[in-house]
Amino acid sequence: MKRYALSIICLVLAVTAIGFGICSNNGVDTTAVVVSAESQEQVTAKTGESFSQTCLGDLTILMYHNTLAKGKKQSVYCINQDSLRKDFEYLKNNGYNVISCSSLIEYVDGGTPLPDKAVILTFDDGYLNNMTYALPLLEEFGYSGLFSVVGDYTLFDKNGKGGGDFIYFGWDDIAQVAKNVNVEIGLHSYSMHNTSPRLGVSQLKSESDEAYKQAFSSDTQRLVDKLGELGVTSNIYAYPYGKYTKISESVLKDKGVVMTLTCNEGINHIYGRRSLYLLKRINRDATKSSLREVLGAYGG
């Protein structure tokens with residue numbers, strides 16, 4: 001009986017996580033959005049997803065946004081190159097194995113256990129300075145990074161309306177960086193990285209399921225098609241502000257997306273293809289003194 005009770009407690013702890021959505025608003029402001037913690041049972045009820053019983057390993061996904069020059073002031077969502085180097089050194093010196101999203105998919109499809117302390121590095125919003133400051137470190141350490149881009153944010157590229165640290169990839173920049181073996185490109189919506197009229201890809205109260213499905217599908221396809229013109233493909237979707245619905249998951253699966261990323265925080269337990277949806281990520285809050293401190297909250 002004691003062993004049974006302990007198993008139940010462990011299960012509850014394993015499926016509970018505190019998460020929040022983040023990202024910049026219209027290329028300028030940074031907004032934190034609270035997202036309720038969800039268990040596997042709640043996710044199953046909300047999205048129809050179920051999970052197999054054979055665990056292939058645990059996966060930590062780190063979420064970065066704006067990468068700044070050395071010595072620049074940091075924030076919850078902005079990290080400078082000095083600190084990013086220390087992060088990578090910490091991962092290297094403490095037995096973490098940084099893998100790509102494509103490698104994760106291969107592990108799962110082959111039923112192969114993940115490496116111990118597996119980590120994926122993600123960089124949201126398509127900041128141009130990720131190519132300037134993060135990419136050289138990815139190359140130096142031999143790490144892979146997922147750069148998730150927003151179609152509308154290309155208007156704020158080096159030739160557009162952007163300025164300072166809020167300059168984004170233009171289409172030519174995306175085409176260029178996508179050729180790098182240390183980079184994968186993720187979908188982050190074309191025009192839905194906003195807080196109004198909807199928060200991210202959330203469904204409006206006045207919107208029918210069919211109207212919402214069409215709006216989300218059209219927005220996603222627009223980005224897929226534009227990237228396709230550049231010779232860039234992606235089967236990974238990072239939800240703006242971490243918002244998602246059962247319909248959005250269904251649409252993405254129909255379009256061949258095999259991984260979706262949220263802003264819910266926690267460690268992922270990988271069981272199979274179905275557990276690659278609604279993956280949790282841990283925001284690298286650069287106001288914390290170190291990555292050790294950030295991961296320490298999750299037993300890392």
Side-chain angles (χ1 to χ4, degrees), residues 13-14 16-25 28-35 37 57-100 114-148 164-167 182-183 238 241-242 261-269 279-300:
L13 292 175
T16 303
I18 298 174
F20 53 85
I22 61 175
C23 296
S24 61
N25 176 20
V28 179
D29 299 323
T30 302
T31 306
V33 182
V34 175
V35 178
D58 291 343
L59 174 68
T60 300
I61 305 179
L62 293 176
M63 178 168 54
Y64 296 91
H65 286 77
N66 210 358
T67 308
L68 309 176
K70 295 179 179 180
K72 292 205 70 172
K73 185 177 179 180
Q74 304 179 123
S75 70
V76 176
Y77 313 120
C78 299
I79 189 168
N80 66 38
Q81 195 179 41
D82 294 319
S83 293
L84 187 60
R85 173 179 287 280
K86 291 178 181 178
D87 282 5
F88 287 5
E89 289 174 345
Y90 176 78
L91 294 173
K92 179 180 179 180
N93 296 331
N94 288 274
Y96 288 89
N97 289 285
V98 176
I99 63 174
S100 64
L114 274 59
D116 290 339
K117 302 176 78 170
V119 174
I120 285 178
L121 307 173
T122 67
F123 299 80
D124 281 10
D125 298 352
Y127 287 105
L128 184 62
N129 51 34
N130 285 331
M131 185 161 64
T132 305
Y133 302 116
L135 182 54
L137 292 178
L138 291 172
E139 293 174 330
E140 178 183 340
F141 284 81
Y143 290 165
S144 176
L146 176 73
F147 291 1
S148 297
D165 293 325
F166 294 98
I167 295 177
N182 297 92
V183 172
Y241 302 100
L261 309 176
T262 73
C263 295
N264 295 330
E265 294 215 342
I267 305 299
N268 300 283
H269 310 296
L279 289 166
K280 301 171 186 176
R281 296 189 286 172
I282 299 173
N283 180 54
R284 174 46 171 119
D285 179 355
T287 66
K288 305 294 184 182
S289 61
S290 66
L291 183 58
R292 180 189 295 273
E293 182 180 357
V294 172
L295 294 178
Y298 305 94

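For the numbers below, each heavy atom of this structure counts, side chains included, while hydrogens, waters and symmetry mates do not.
Tyr90 places none of its side-chain heavy atoms less than 4.5 Å from the side chain of Val294. With a 4.5 Å cut-off on side-chain heavy atoms, Ile120 and Arg281 do not count as touching. Considering only heavy atoms from C-beta on, Leu121 comes within 4.5 Å of Phe88 through its side chain. In this structure, Tyr298 and Ile282 have side chains that are in contact, with non-hydrogen atoms separated by less than 4.5 Å. Considering only heavy atoms from C-beta on, Met63 stays 4.5 Å or farther from Leu261 through its side chain. In this structure, Lys70 and Asn80 have side chains that are not in contact, with every pair of non-hydrogen atoms separated by 4.5 Å or more. Counting heavy atoms from C-beta on, the side chains of Leu291 and Leu62 come closer than 4.5 Å.
For the 3.5 Å distance criterion, the side chains of Asn66 and Asn129 qualify, holding a donor opposite an acceptor. Donor-acceptor pairing under 3.5 Å is lacking for the side chains of Asn130 and Tyr64.
Take Pro136 and apply the side-chain contact (heavy atoms from CB on, under 4.5 Å) test, not counting sequence neighbours, and it matches no residue. Taking Glu140 as the reference, Arg85 meet the salt bridge (charged side-chain N to carboxylate O under 4.0 Å, His left out) condition, with sequence neighbours excluded. Not a single salt bridge (charged side-chain N to carboxylate O under 4.0 Å, His left out) links Asp82 to another residue, sequence neighbours left out.
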Q: Let me see the working for Phe141 and Glu89 under side-chain contact (heavy atoms from CB on, under 4.5 Å), right down to the final yes or no.
A: CA-CA 8 Å; Phe141 284 81; Glu89 289 174 345; 3.7 Å; yes
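Here the OH atom belonging to Tyr77 is positioned 8.0 Å from the NE2 atom belonging to His65, to the nearest 0.5 angstrom. Taking CG from Leu128 and OG1 from Thr67, the interatomic distance works out to 11.0 Å, rounded to the nearest 0.5 Å.
Checked by atom type and distance alone, the side chain of Asn97 pairs as donor or acceptor with a backbone atom of Asp116 at under 3.5 Å. Under a 3.5 Å cut-off, the side chain of Thr262 and the backbone N or O of Leu279 do form a donor-acceptor pair.
For the pairing with Tyr96, the side-chain contact (heavy atoms from CB on, under 4.5 Å) check across Ile99, Asn94, Asn93, Val98 returns one residue only, Asn94.
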